[in-house]
Trainee: 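Have a look at this one before I ask anything.
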Amino acid sequence: MKRSTSLDRVRRSKTIFDIVIIGGGASGLGAAVDAAARGHSVALFEQADFAKGTSSRSTKLVHGGVRYLQQGNISLVLEALRERGRLTQNAPHLVHSQSFVIPNYSWWEGPFYGIGMKVYDQLAGKLGLSPSRHLSRKETIELIPTLEQKNLVGGVIYHDGQFDDSRLAVNLAQTAEALGAATLNYCRCVGLTKENKAVSGVQIHDLENDTNFTVRAKTVINATGVFVDELRQLDQASAQAIISVSQGIHIVLPKSFLPGDAAIMIPKTADGRVLFAVPWHDHVIVGTTDTPLNTRSLEPRALKEERDFVLTHACKYLAKDPKPADVLCIFAGLRPLVKAGDGTDTAALSRDHSIIISESGLITLTGGKWTTYRKMAEDVIDQAETLGGLDHQRCQTEDMQIHGWTRAKIAQPNLKTYGADALQIQELLKDAPELSEKIHPNLPYQKVEVVWHAREEMARTVEDVLARRTRALLLNAKVSIEAAPTVAAILAKELGRDAGWERQQIESYTALAKGYIYPSD
Ligand SMILES: Cc1cc2nc3c(=O)[nH]c(=O)nc-3n(C[C@H](O)[C@H](O)[C@H](O)COP(=O)(O)OP(=O)(O)OC[C@H]3O[C@@H](n4cnc5c(N)ncnc54)[C@H](O)[C@@H]3O)c2cc1C
C-alpha cells in the first residue's frame with residue numbers, strides 16, 4: 001500500500017469514480033472495502049491517519065452490547081451478535097474470544113444476569129462464542145484473584161469478542177487497496193463540487209504536499225464521524241446538525257491489576273453506568289464514560305470528573321487500588337450519536353447507524369459501532385448504487401477474509417496482530433538482522449515493524465507508528481515518548497526525510513503524547 005501510487009491514481013485519473021468516500025475510520029474504510037469488492041471504482045480520503053478519530057479509541061470489544069440488551073433493543077443486539085460472529089471468522093488474527101465475569105455482590109444479581117446472558121447466548125445462535133454460566137464465589141475468585149471480595153457472592157461468566165481497532169482499520173485499507181480502491185491518508189476534503197445542484201465530486205487538500213486537487217465522483221459518502229455536520233454544511237450551509245457528541249474515556253493499567261485472562265464487566269455502577277476492566281496486549285483497559293460534549297476535536301481529552309469516575313470505580317472493584325501514578329495512559333474518544341428529541345441525554349440517543357441523503361445527493365453514514373461496520377457498509381453501498389445509477393451488485397463481504405487473515409498460530413507475541421504478514425516481516429530480517437532490536441527496552445515492538453509500517457501500511461509520521469500501527473502510546477505514553485527518536489530515525493530513512501523533519505516529528509509526537517499521561521493535579 002503506497003501513498004504515492006494511490007495519489008497518482010486519483011490525481012491523474014480522468015475517469016469519474018463510482019464512489020468517493022470521505023473519512024478513514026471504521027465507517028469509511030468498511031464502505032471502501034464493500035464498494036471495491038462489488039467491482040465499483042472507489043477513492044477514500046482521510047484528513048489525518050486511518051483511525052485517527054474515534055476508531056482507534058474504542059473499548060476494543062466486538063460485542064452485541066449487553067447494555068443494549070438491558071435497554072431491550074433486541075434488534076440492535078441481534079445484528080451486532082451476527083456481525084461479531086462474522087468478524088471473528090473474517091479477521092481471526094485480530095479478533096478473539098474474551099471471557100467476561102460479572103461479579104455479583106447481591107443474591108439477586110446471579111439469577112438476574114444469569115438469565116440475561118442466556119438470552120444473549122440464544123440471540124448469538126450458531127455464531128455464539130461459548131455459553132455463559134453461573135460461577136460460585138470460589139470460581140469467581142479463581143478467575144479474578146484481584147477482584148474486590150468483600151460481600152462477593154458469586155458471578156456470571158459470558159464471552160464476547162475483543163480486537164485491535166486501529167490495526168483492523170489499517171488492514172481494511174489494505175483490503176480495499178487490494179480490491180482496486182485508492183485509500184489516502186493526510187488528504188482533507190475541503191469542498192464539494194456540484195453540477196446541476198447535485199454533488200459531482202470533492203476538493204481535496206493533500207496535507208503532505210500542500211496541494212489541492214479535485215476528484216470527480218458519481219456519489220460521495222460522508223463518513224467523517226463526529227465531523228459529519230461540517231461536511232453537510234459544506235454541502236448546504238443551512239443544514240441542521242444531526243450529531244450529538246458523547247465522550248468516553250479509558251485508563252490503561254499494568255497487567256498486575258488484573259493478572260488472569262478474564263475481564264470484569266460491571267453492568268450497572270452506583271450511578272447507572274457500564275464499566276469494563278479488560279486485559280489487552282498484556283495490560284488492562286478500564287472504562288468508560290458517557291459525557292455529552294458541545295465541542296469536537298481529533299484530540300479530545302478526559303475531563304477531571306471522568307478521570308475521577310473511572311479511577312474511583314477501578315478502586316471499588318479491584319482489591320489493590322490503582323493510584324494516578326499507576327495509570328500508564330489515559331485516552332478519550334468521541335461517539336457520534338444521531339440526535340433524537342432534545343438531544344440532552346446521550347445515553348438514550350441512537351447507537352444504531354443512520355444513512356441520511358441530502359438534496360444534492362451527499363450520503364452521510366454515521367452512528368453505529370465498530371462491531372457493525374460491515375453491515376453499515378453494506379447498507380450505505382446499497383444506497384450509493386441506487387443514487388449513483390451504478391449497477392446493483394450483491395454485497396461480497398459477509399464471509400470475505402480481511403487482509404492478514406490466517407488461522408496459523410504466530411509464536412512471536414509482537415507479530416500476532418499482523419496475521420499472515422508476520423512471515424513477510426520476519427523475511428525482512430534476513431537482509432537486515434539489526435532490525436530485530438526493540439524500539440525501546442520496555443516496549444514489545446521491533447525496529448523491523450517500523451520499516452514494514454512505512455513500506456506496506458502507509459505510516460507517514462511517528463504518531464502513525466506509535467499510536468496506531470503499534471499501540472505504544474496507549475500501552476505506556478511516557479515510554480512511547482522515549483521511543484520516538486528511534487522511530488523517527490527509521491521513518492526518515494524509509495521516507496527520504498531530512499534531520500529537520502526528524503526533529504519536528506519528535507517534538508510534535510512528544511507534545512501529543514504528553515496529553516495521554518495522567519495529569520498530576
Ligand atoms: C469511548 C468509546 C468506546 C467505544 N467502544 C466500542 C467498542 O468496544 N466496540 C465497538 O464496536 N464500538 C465501540 N465504539 C464505537 C466505535 O468506535 C465507533 O462507532 C466507530 O469507531 C466510528 O467510526 P467512524 O468511521 O464513523 O468515525 P471515526 O473513526 O471518527 O472516523 C471519521 C474520520 O473522518 C475523518 N475526517 C473528518 N473530517 C474529514 C474531512 N473533511 N476530510 C477527510 N477526512 C475527514 C476524521 O479524521 C476521522 O478519522 C466506541 C466509541 C467510543 C467513543
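Remember, it's 1-based here, ligands and their atoms both numbered in the order they're listed.
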Trainee: To the closest 0.5 Å, what do you measure between CG (Leu475) and OG1 (Thr470)?
Mentor: 7.5 Å
Trainee: Considering only the protein, which heavy-atom contact is closest to atom 30 (O) of ligand 1, and what is its distance?
Mentor: Thr54 N, 3.1 Å
Trainee: Atoms of ligand 1 less than 4.0 Å from Thr224 heavy atoms?
Mentor: 32 (C), 34 (O), 36 (N), 37 (C), 38 (N), 39 (C), 45 (C)
Trainee: Among protein heavy atoms, which lies nearest atom 52 (C) of ligand 1, and at what distance?
Mentor: Arg335 CG, 3.7 Å
Trainee: Quick check: Ile249 and ligand 1, any N/O pair under 3.5 Å apart?
Mentor: no
Trainee: State if Cys187 counts as touching ligand 1 under the rule of any non-hydrogen atom under 4.0 Å.
Mentor: yes
Trainee: Among all protein non-hydrogen atoms, which one is nearest to atom 42 (N) of ligand 1, and what is the separation to 0.1 Å?
Mentor: Cys189 N, 3.0 Å
Trainee: Tell me which protein heavy atom sits closest to atom 8 (O) of ligand 1, plus the residue, atom name and distance to 0.1 Å.
Mentor: Leu61 N, 3.0 Å
Trainee: Which protein non-hydrogen atom lies closest to atom 16 (C) of ligand 1, naming both residue and atom, and how far is it?
Mentor: Trp370 N, 3.6 Å
Trainee: As an exercise, identify every atom of ligand 1 less than 4.0 angstrom from a heavy atom of Thr371.
Mentor: 10 (C), 11 (O)
Trainee: Under 4.0 Å, heavy-atom basis, I'd like to know which part of Leu334 is in contact with ligand 1: side chain, backbone, both or neither.
Mentor: backbone
Trainee: At a 4.0 Å threshold, what atoms of ligand 1 neighbour a non-hydrogen atom of Gly368?
Mentor: 19 (O)
Trainee: Specify the protein heavy atom at minimum distance from atom 45 (C) of ligand 1: its residue, its atom name, and the distance to 0.1 Å.
Mentor: Gln47 CG, 3.5 Å
Trainee: Can you say whether the rings of Phe276 and Phe100 are parallel (under 30°), tilted (30 to 60°) or perpendicular (over 60°)?
Mentor: perpendicular
Trainee: Please report the interatomic distance CZ(Arg469) to CG(Asp464), rounded to the nearest 0.5 Å.
Mentor: 5.0 Å
Trainee: Strictly under 4.0 Å, does any heavy atom of Leu298 approach an atom of ligand 1?
Mentor: yes
Trainee: Check Glu46, Glu457, Glu208, Glu456 against Arg3 for a salt bridge (charged side-chain N to carboxylate O under 4.0 Å, His left out) and give me the one that passes.
Mentor: Glu208
Trainee: Between Glu177 and Lys2, is there a salt bridge with N-O shorter than 4.0 Å?
Mentor: no
Trainee: Before signing off on this row, confirm whether Ser58 and ligand 1 have an N or O atom pair separated by under 3.5 Å.
Mentor: no
Trainee: Under 4.0 Å from a heavy atom of Gly248: which atoms of ligand 1 are those, numbered in the order shown and with their elements?
Mentor: 1 (C)
Trainee: Report yes if the side chains of Leu192 and Gln203 come closer than 4.5 Å at any heavy-atom pair, otherwise no.
Mentor: no
Trainee: Return the CZ to OG distance between Arg11 and Ser4, rounded to the nearest 0.5 Å.
Mentor: 12.5 Å
Trainee: Tell me if a side-chain donor or acceptor on Ser55 pairs with a main-chain N or O of Ala26 at a distance below 3.5 Å.
Mentor: yes
Trainee: When you check the gap from the basic side-chain N to the acidic O, do Asp49 and Arg460 get nearer than 4.0 Å?
Mentor: no
Trainee: Is Lys60 touching ligand 1 with its side chain, its backbone, both, or neither, if touching means heavy atoms under 4.0 Å apart?
Mentor: backbone
Trainee: Counting non-hydrogen protein atoms only, what is the nearest one to atom 48 (C) of ligand 1? Give residue, atom name and distance.
Mentor: Glu46 OE1, 3.4 Å
Trainee: Would you call Ala223 a ligand 1 contact, heavy-atom distance under 4.0 Å?
Mentor: yes
Trainee: Rounded to the nearest 0.5 Å, how far does CD1 of Ile243 lie from CZ of Arg296?
Mentor: 7.5 Å
Trainee: Could an N or O of ligand 1 be found under 3.5 Å from any N or O of Thr59, whether backbone or side chain?
Mentor: yes
Trainee: Which atoms of ligand 1 are found less than 4.0 Å from any heavy atom of Thr288?
Mentor: 1 (C)
Trainee: Answer yes when Asp382 and Arg38 have at least one side-chain N-carboxylate O distance shorter than 4.0 Å, and no when they do not.
Mentor: yes
Trainee: If we set the cut-off at 4.0 Å for heavy atoms, which region of Phe50 has an atom near ligand 1: side chain, backbone, both, or neither?
Mentor: neither
Trainee: Are Phe331 and Tyr516 near enough that their ring centres are under 6.0 Å apart?
Mentor: no
Trainee: Side-chain donor-acceptor pair under 3.5 Å between Thr417 and His93, yes or no?
Mentor: no
Trainee: Of the choices Ser55, Gly287, Gly25, which has the non-hydrogen atom that lies closest to atom 23 (O) of ligand 1?
Mentor: Ser55
Trainee: Suppose I only count heavy atoms of Phe45 and a 4.0 Å limit; which atoms of ligand 1 are within that range?
Mentor: 43 (C), 44 (N)
Trainee: What residue and heavy atom of the protein are closest to atom 27 (O) of ligand 1, and at what distance?
Mentor: Gly225 CA, 3.5 Å
Trainee: Is Lys197 salt-bridged to Glu359, going by a charged N under 4.0 Å from an acidic O?
Mentor: no
Trainee: When rounded to the nearest 0.5 angstrom, what distance separates CZ in Arg374 from CG in Asp399?
Mentor: 9.0 Å
Trainee: With heavy atoms of Gly333 as the reference, note each atom of ligand 1 found under 4.0 Å away.
Mentor: 53 (C)
Trainee: Test of understanding: given a 4.0 Å heavy-atom threshold, classify the contact between Glu230 and ligand 1 as side chain, backbone, both, or neither.
Mentor: neither
